[in-house]
Structures are given as C-alpha cells and as structure tokens.
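No hydrogens, no waters, no symmetry mates; every other heavy atom, side chains included, goes into these values. Here the structure is a predicted model, which is why all the values come from computation and not from measurement.
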Amino acid sequence: MATTTPKFRIYPSIGIARLGNGPATKDQVIFSPEIPWENLYETDQNYLTKDGRLKKQAQRFYIYECDDKGNPTKQINTDDFDIEWSVEVANKKPFWYDFNNSLDLSVIADNQNLSPNFVKDKLAPGIGAQYRNPNVLNQELRVNDGYDYRKDLVNHPSIVSVDGNVKRKEIKGQFPSSRMSKSEFSMLAKRMNIDSKEVNLGTVEYDDDGTLIFYGADGVSASLNPSDLNTDFADNSNWYDDICDGRITASIRKKDSGEEYKLDDANSAAWVASAPPDYAPQIQPLSTMFDLITGAANEKHTPELATVFPMLYRLYRMQWVNLGDFLAPSFKETIDELIASDQFKYIYKKEPKAEADAVREKIFNMFRNPAYNKSNEPIIPSKNTTDLTNRGSGTDELKLPYYPGDAIDYPGSPAQWFAIPPMIYGQLRQWRDGNFYSPDSFNFKNMDEMGEFYREQFLVASKDEKRKPLLMTRAVLETLYGGGFHPGVELTWPMRHNNLYAENKETYRLLVDQESMQIGAYGLREVRLNLASKEEQERIFYNDFGFMMTSDDIRISMEENSEYSWFWKVTPGDLTKWMGIPWQSDAGSCQAVYVEKQYPVPSWWAANLPVHVLPKDSYEKLLDPTITDATKRNIYANRLEWLHTASTGFIGYHAEGGYLNGLINMVYQWKDIGVVTGRRLDVDIDGIPEIVYVAYDANDN
C-alpha cells in the first residue's frame, strides 16, 4: 500500500510512561528522557516525593513539521497552530493468552535478532498458550446470537481529547468493561454477580506550549474476587491492573490559513505504553529495545567503536544493581584489571598491535555467541527437578552476560543463557579484529571517562533541531530491555520483528563535533509502528487465535497475504497484552536465578528491577568521618537484596517453589521498594568511585 510523505509527525514515535503512586502533576513526576545518556551521572535527582511516594514517569509528546522527505525540521507551536490531542489506550491482558516462552523461537525470521539455530537445532521450541481467564467464554461459538463475554475482559476507555480550552482529563477505564454490552453494565460482571471496578489507565494534559503529557496510572492491581490470590508469576485469572498502551494522535489547524492536518496514520501518529516503575532509572539495560529494533531492520552497519562501547559500558554499570556483575568473576573485574595494568587504553587504541589485539581478544572471548553453538555451560535449575544432587550443571566456563535467556523452560539448552544480539556480537567481532576507528585525541583512563565523552556527543546532537526528535525516540527505547523475553516486564518479543513496523530506518548519524568524525552506535532512526487504520481496528481489535495460540500461528502470520497478518497491525492494548498480570507478580519474580555455584548468581532484568543494591544506610556510613577507610571498603562492598528494602520477603526465580507470599506482598509493597539513585561520594578511598548509586525507599525521605 502506497504511503504519502508526512508533513507533520509526533515525537517520540514510541513513548513510555511508568506507574507510580505519586500525583500526576508536572512538578511531582519524572519525565521520560529525551536525550540518550543525559541522566547517567545526575546526583541531585529524587525519584520519591517528599512524603515518600514513588514518582510516576510521564511522557511528553511534540509535533514537528517535516521536509519533503518526511524528516523532522522544527517543532510547531501554539503561536502558529491550534492543536488538539487525542489518546486511545487499552489493557488487553486478561483477554489475551497465558505466557510460556516466546513463540517466535520456532520461526525462522529474516533479522539480526535471532539465530536460525533456535529452529534448526530446536534449542527452545515455542510453547503453545491457552486463554487467560479460560472460564470466560465466547457464547457465539455455542449458541446463535450468543454474547462474547471475552470482549468484556478488555479495559478500553473512550478516546480522550485535550486542547487549549480543556487541558486535562483522566482516562476512565472499567473492568470488566461494559463497552460492548450496549448498556452501562458489563454483561460479564452481571453474569458473575459482581460490580465492575473503575480502573483508570492514566491522565493526559495539554501543556501551555502545545505539547501533550501522558501520565501513567497509579499501579493498582486487584482481583475481582478478594479471596483470589496471585499465585503465578504471569497469569492470574480474575485479576486486573492499570497498565495500558495505545495511539497518540493530533489534529492541527494553521491559524493564518485555516489549513487542517490530522496526524492519525502510521506515518505520523505516535504510540504510548505504560510500564512498571524503573527502579534504577540511571542504569541502562545491557541490551536495549533500540538495539533490537535496529536489528529487526536487517541492515548492514559499518564497524564502529561507538556501537561496541555502549554495550560494554552498560554491562560494566550493572555492578550497581546485581552482585554477579560486582564481584568476581565479572566484566567489572576484567576492566578493573586493565585499568590497574595501564591497558584500558586498548579498548579504543590499536597500537602496539600485539598488546591491543590481546586485550580485545580476551574481552571478545568472554561473551556468549548468539548463534548458540553446542556448549556445556551450567544449567539453570527448573521447578521440574529430580532428587539428583548434580543435574549435569556443565563444565565449560560461564560466558557473559550472566543473565537468563529465552530458553529458561529447557534446562540444558545453551539458550537458557542470554546472549547479546547477533548484530552487536558481529560488531564486537569486528572490534576484536581491529576494524574500527578512534581519533588520536582519545585518552581515557577508565570506563566512566569514556562514557562521559559519548554522553557529550548526544548532548551536542540534541542542539540540532532536526536530530532532537529522533534522539527522543532513541532515549526512550534505550530505557527498555531488548532480549531474553520471558515474557519481559515491559515490551516483548514481537518487537524484534520488522513486521511490527511501518517504518524502521536509519535517518541520521551522530557527529563528534571537535573532529567532525562520525560515530555510529547505528545513528538515529525513524521508527513507526504498523498501526491499524480506524477501519482495520474495527475489524481486528478483538481478534485472537482461538483457544490455543501456537508457533505455527506466528509463522503463518508472517507469510505474504496471510489470514493472520492482522497480528502485526497494532491496535490499543496490543503491546502490553503479553505482560504478566498483575504486573507486580512478574516484576517481583525477576530476581536471582540460583545455580550450583555461589558466584556468579545470575538474574533477570536487574537494570530496571535491581537484585542487589547499596542501601541509603550504607551510603550515610560512607560519609561518616569517624569510620576508618578499611571499614568503609567493607561497607561499600556489602550489598543488600533489593526486595529487602521493603517487607516483601524474598521472591526469587519464578520456577522455584515457596515464593507465593512474596508474590502476594509485592502487590502491596511495590511502591515502598528502593529506587537506585546517583549520589556524589567524595571520600578519596581507593576502589570507591566519586559517584555511587544508592537505593532510597519510601522510608528514607
């Protein structure tokens, strides 16, 4: 289908708003980042309100005028345009399917995100999934003119619009929904002899400069039957929460000419998704959603240091949220050894050749190959264990990173362990071979110095009005995890396939100003989801695959002119419907994954859901001038399990038994758990950095 070049576009094209129990007001929230890396070294930020509530993360949207190629040129303003924003979101979680593992693992796809070995060697076959709430039936399948009660499982509020006259509205949701019953009462609620619950999905606000602010909801989760407990990490019948996603559109009118434009198609509209809190906002995932979306496009990329270093730096900074990345063996330890031996410079220098090659070879060999050739790494335990004391845990050295992958359901599969995306692994191989350029002026002593340099390049690029809106999209996507989906706590595996995008292409490179040298990190991208039109949405909004969804359904959906091609047309609720319900169960379960060795202890999504943290009490001890340096080193190295910053109790890996109390407590305690925050620590003690990342919980204000 031919598309027209957009005259205006909304940015960021994909936005993220995170839940919090703090108020939805501009002065009491954190805004989603608009420049990559901008917040990495902040030391004066507070993620809790003065009364100890967890601040929401709000997303701001802008409208940009575009050139004849569709590239953004300048932001429009209220002096020249009348602007009306519209928002349509939904929560489809109770309507969708149980989660097992990613169904695309049995489908060969043409991208740089998944090795074909998954299919060829059956490393982790996709597991079919049945309906959530399977007791709620579509009676159309049983009797003529029967009512489809499953549609009431979708919380789909009416479209909300704001402008210069009506500036603020709540998105008033309901579960079960009465939207399809053609009355004010839900037919499902009536059949269950209960009252529908008000489950609002957020708030929108028209700001004075004509931008739109989307505030995430309050983090409410509950069961329709108060006696029903959440006993599963992802799939709990009769439960609801206030996560959502949906389209952001706008109608604009030029004041001088009266020309009107509607920004409501796939090329001009934007999308917003709400997500659980990011409990470590300054620590980036080691593999990001931006990496994954770039890999979906299957482009060729010039070998560049600036593609490799961000991944290495993100892994290095995981030391602040996971003990396995802080102790030995770890990537941090390797970098510390290079610094101590004056060999860190070989991260970016190629001479003298023998010494530099040896350093890069050593680092490359530490990483797991995403092709997942036969390996004998330790096995991550399963709930389906026998009484054997040794489960064949493997004799090979454990590779990086120390995180579970897509095959957690298959003990013994090499893909039980996470590997960096093939695209980045290919760049890492090129870096090992010396195929990169760095200027002679590079003279960094450690990872943080080098990180500050690249951060400065993003800040310089943001001063270019043409690059700024694309930086917004990249900044958002770099806060989201990319890979190892099971199902993931934010957005999941369909994001790694280009079928999901109407547009996904590199638009600009980033420039290092002082030498006009291009640095890549695969540049800036125009990313637009494959949005369903209004007419298409009418037909497909409630589509599913019947009682069971399988990998064959996904494979068929990718075929040209497939009857299931609707799967890749995005309607409100489609991005978040895969996530666990309630969200707290999955978030609390994504903790340590114990193996038969003390170190390293792998974990799930530590950059967003920390596992081990430096608590505020320890930070204050480090500032105490009466404590000796030797004791301070011990205090600094003594990390606390993140969940112990509140009274959830330990939850742990979701395949382990005995963690149900933790699941239940997480529904109520999520707002009290520590948020990892940068703080300055000038103690001048060898081994303790100037900036540390400290967990502040609801009782610390």
Side-chain angles (χ1 to χ4, degrees), residues 112 115 286-287 291 294-295 299-319 325 328-377 396-403 414 417-454 457 509-510 512 514-515 517-523 600:
Q112 297 179 61
S115 167
L286 60 98
S287 174
D291 299 333
T294 300
E299 300 164 337
K300 290 186 178 180
H301 299 281
T302 302
E304 291 172 298
L305 175 64
T307 305
V308 173
F309 176 75
M311 183 276 295
L312 298 180
Y313 191 42
R314 292 191 295 257
L315 180 56
Y316 178 77
R317 285 169 56 84
M318 295 293 284
Q319 63 179 286
D325 294 307
S330 68
F331 182 66
K332 172 188 178 296
E333 181 195 30
T334 298
I335 293 298
D336 289 346
E337 289 173 350
L338 293 178
I339 293 170
S341 61
D342 193 32
Q343 291 185 304
F344 178 78
K345 57 192 173 188
Y346 300 135
I347 296 285
Y348 55 86
K349 288 188 179 295
K350 294 188 280 187
E351 299 294 338
K353 188 176 188 306
E355 290 89 336
D357 286 356
V359 167
R360 295 195 308 276
E361 180 77 25
K362 177 181 179 179
I363 290 176
F364 176 80
N365 289 337
M366 294 174 71
F367 283 85
R368 189 172 294 108
N369 188 333
Y372 287 111
N373 300 317
K374 183 177 175 63
S375 69
N376 189 31
E377 292 186 75
D396 288 356
E397 180 183 356
L398 188 61
K399 298 284 189 177
L400 290 173
Y402 305 140
Y403 290 84
W417 294 97
F418 177 63
I420 59 176
M423 178 193 66
I424 296 180
Y425 189 78
Q427 289 277 320
L428 190 67
R429 180 185 285 112
Q430 295 277 5
W431 171 79
R432 176 202 64 183
D433 295 339
N435 296 328
F436 65 91
Y437 170 77
S438 62
D440 293 337
S441 61
F442 274 19
N443 184 28
F444 307 117
K445 299 294 188 295
N446 55 52
M447 294 292 277
D448 288 326
E449 279 190 14
M450 199 167 173
E452 287 174 2
F453 170 81
Y454 281 106
Q457 307 318 307
R509 309 298 273 167
L510 298 176
V512 176
Q514 70 261 37
E515 301 191 28
M517 158 209 153
Q518 286 191 326
I519 68 168
Y522 29 87

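With sequence neighbours excluded, the residues that form a ring-ring contact (aromatic ring centres under 6.0 Å, His included) with Tyr313 are Trp37, Phe309. Listed by chain and residue number, Asn298, Met423 satisfy the side chain to side chain contact (heavy atoms under 4.5 Å, CB included) test with Gln112 (two or more places apart in sequence, or in another chain). Residues satisfying the side-chain hydrogen bond (donor to acceptor under 3.5 Å, both in side chains) test with Arg360, not counting sequence neighbours, are Asp357. The side-chain hydrogen bond (donor to acceptor under 3.5 Å, both in side chains) check on Glu299 picks up Arg525, with sequence neighbours excluded. Taking Tyr402 as the reference, nothing meets the side-chain hydrogen bond (donor to acceptor under 3.5 Å, both in side chains) condition, with sequence neighbours excluded.
For the pair Tyr425/Gln430, no side-chain contact is recorded, criterion being any heavy-atom separation below 4.5 Å from C-beta on. Taking 4.5 Å as the limit, some side-chain heavy atom of Leu312 sits within range of a side-chain heavy atom of Phe367. The shortest side-chain heavy-atom distance between Lys332 and Arg317 does not fall under the 4.5 Å cut-off.
Asn369 contributes atom CG, which lies 10.5 Å from atom CG of Leu428 (distance to the nearest 0.5 angstrom). Separating the OG atom in Ser330 from the OH atom in Tyr316 is a distance of 9.5 Å, to the nearest 0.5 Å. Rounded to the nearest 0.5 angstrom, Gln343 CD and Leu338 CG are separated by 6.0 Å. Atoms CE and CD1, on Met311 and Ile420 in that order, are 4.0 Å from each other to the nearest 0.5 Å. Taken from CD in Glu449 to CG in Asn446, the straight-line distance is 4.5 Å, to the nearest 0.5 Å. Put simply, CG on Asp336 and OG on Ser341 are 10.5 Å apart, with the number rounded to the nearest 0.5 Å.
Tyr372 and Pro414 make their closest contact through CE2-O, 3.4 Å (heavy atoms, listed as atom of the first residue, atom of the second, distance). Here the closest heavy-atom approach between residue Ser115 and residue Ala371 is recorded as OG-O, 3.3 Å. Considering every non-hydrogen atom in both Ala419 and Pro401, the closest pair reads CA-CD, 4.4 Å. Minimum heavy-atom separation, Lys445 to Ile339: O-CG1, 3.8 Å. Between Leu305 and Ser438 the shortest heavy-atom distance is CD2-CB, 3.9 Å. Heavy atoms only, all atoms of each residue included: Pro329 and Glu333 are closest at CA-OE1, 3.7 Å.
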Checking Lys399 against Trp417 for the side chain to side chain contact (heavy atoms under 4.5 Å, CB included) test, could you report, in this order, the C-alpha distance in whole Å, the side-chain angles of both residues, the deciding distance, and whether it holds? CA-CA 9 Å; Lys399 298 284 189 177; Trp417 294 97; over 6 Å; no
Might you work through the side chain to side chain contact (heavy atoms under 4.5 Å, CB included) test for Phe418 and Leu286, ending with a clear yes or no? CA-CA 11 Å; Phe418 177 63; Leu286 60 98; 3.4 Å; yes
Should Ile335 and Ile347 be marked as a side chain to side chain contact (heavy atoms under 4.5 Å, CB included) after you check the CA-CA gap, both sets of side-chain angles, and the distance that decides it? CA-CA 10 Å; Ile335 293 298; Ile347 296 285; 4.3 Å; yes
Taking it one step at a time, do Tyr403 and Asp325 satisfy side-chain hydrogen bond (donor to acceptor under 3.5 Å, both in side chains)? CA-CA 10 Å; Tyr403 290 84; Asp325 294 307; 2.4 Å; yes
Glu337 vs Lys362, test: side chain to side chain contact (heavy atoms under 4.5 Å, CB included). Steps then yes/no. CA-CA 12 Å; Glu337 289 173 350; Lys362 177 181 179 179; 3.6 Å; yes
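Counting only distance, with no hydrogens or angles, the side chain of Asn365 and the backbone of Glu361 share a donor-acceptor pair below 3.5 Å. A donor-acceptor contact shorter than 3.5 Å links the side chain of Lys350 to the backbone of Gly434.
No side-chain donor from either of Glu304 and Thr302 sits under 3.5 Å from a side-chain acceptor of the other.
Residue pairs meeting the salt bridge (Lys or Arg N to Asp or Glu O under 4.0 Å) criterion with at least one member in residues 340-349, sequence neighbours excluded, are Asp342-Lys345.
Ion pair Asp433/Arg429 not flagged as a salt bridge, since none of the NZ, NE, NH1 or NH2 atoms sits closer than 4.0 Å to an Asp/Glu carboxylate oxygen.
With Tyr348 as reference, Phe444 is the one residue of Phe444, Phe453, Tyr437 to meet the side-chain contact (heavy atoms from CB on, under 4.5 Å) rule.
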